[in-house]
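We number each residue from 1, following the sequence as shown.
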Amino acid sequence: MVDASPENGQPAAPGWFDISTPDAARARDFYRQLFGWQVNALDDTYALVSGSDGAPTGGIGQAGPESPYTGIVPFFPVDDVTTALARAEELGGKRTMEPQPAGDGRIAAFTDPDGNTIGLMSP
């Protein structure tokens, strides 16, 4: 079992979100106007979304033919991405993005048995 309990330092809430879309510029503008999000483009393909304190809370990225997912994906904090991904597969999930470096940690993604894409993130 992947212990994602608050008692184990693992919040049950997402620690990040990612919106992957075929038109990232349009999505950045849409969400900026709708929610008043502070959106800081890193390049033409990805932008960080910041909260009122200026700390990044999510991102909006350009989806292409090789993208592991499209739509909005919540990323949940886990102790170890590789272990959590293996457990998701044991429970019927399907790996869609291999563990890879992201910032100071690692990320991965899978679909649950109903086809919902879920991300994992670890320090």
- Query: Backbone N or O of Asp114 within a donor-acceptor pair of the Asp112 side chain at under 3.5 Å?
  - Reply: yes

- Query: Taking the side chain from Ser20 and the backbone from Tyr69, do they hold a donor-acceptor pair closer than 3.5 Å?
  - Reply: yes

- Message: I'd like to know if the side chain of Ser122 and the backbone of Val78 have a donor-acceptor N/O pair within less than 3.5 Å.
- Response: no

- Query: Of all heavy-atom pairs between Arg106 and Pro99, which one has the smallest distance, and what is that distance?
  - Reply: NH2-CB, 2.6 Å

- Closest non-hydrogen contact found for Met97 with Ile107 is CE-CD1, 3.7 Å

- Message: According to salt bridge (charged side-chain N to carboxylate O under 4.0 Å, His left out), who are the partners of Glu90, at least two apart in sequence or on a separate chain?
- Response: Arg87

- Message: According to a hydrophobic-cluster definition based on side-chain heavy atoms being under 4.5 Å apart (Ile, Leu, Val, Met, Phe, Trp, Tyr only), do Trp37 and Leu42 belong together?
- Response: no

- Item | Main-chain N/O of Ala108 paired with Gln100 side-chain donor or acceptor, under 3.5 Å | no

- Item | Least distance between heavy atoms, Ala24 atom then Gln62 atom | N-OE1, 3.0 Å

- With a 4.5 Å limit on heavy-atom distance, are the side chains of Tyr31 and Ile60 in contact? yes

- Message: Quick test of your reading: applying side chain to side chain donor-acceptor pair (under 3.5 Å), list the pairs with at least one residue in residues 40-51, sequence neighbours left out, ordered by first then second residue.
- Response: Asp18-Tyr46, Asp43-Thr45

- Message: Testing the basics here: between Gly15 and Pro77, what is the closest heavy-atom pair and its distance to 0.1 Å?
- Response: N-CD, 3.7 Å

- Note on the structure: Shortest non-hydrogen pair, Gly115 vs Thr111, comes out as O-CG2, 3.9 Å

- Do Phe17 and Val49 have side-chain heavy atoms sitting under 4.5 Å apart? yes

- Query: To the nearest 0.5 Å, how far apart are CD1 in Ile19 and CZ in Phe30?
  - Reply: 9.0 Å

- Is the closest side-chain heavy-atom distance between Phe75 and Ile118 below 4.5 Å? no

- Task: Would you check if Thr57 and Trp16 make a side-chain contact, meaning some heavy-atom pair closer than 4.5 Å?
- Result: no

- Item | Verify same cluster id: Phe76, Leu91 (apolar side-chain graph, 4.5 Å) | no

- Between Gly119 and Val73 the two heavy atoms that sit nearest each other are N-CG1, 3.5 Å

- Message: When you measure from the side chain of Thr83 to the backbone of Asp80, do you find a donor-acceptor pair of N or O atoms at a distance under 3.5 Å?
- Response: no

- Message: Assess whether a salt bridge exists between Lys94 and Glu89, defined as any Lys/Arg side-chain N lying under 4.0 Å from an Asp/Glu carboxylate O.
- Response: no

- Query: Does a side-chain heavy-atom distance below 4.5 Å link Leu85 with Leu120?
  - Reply: yes

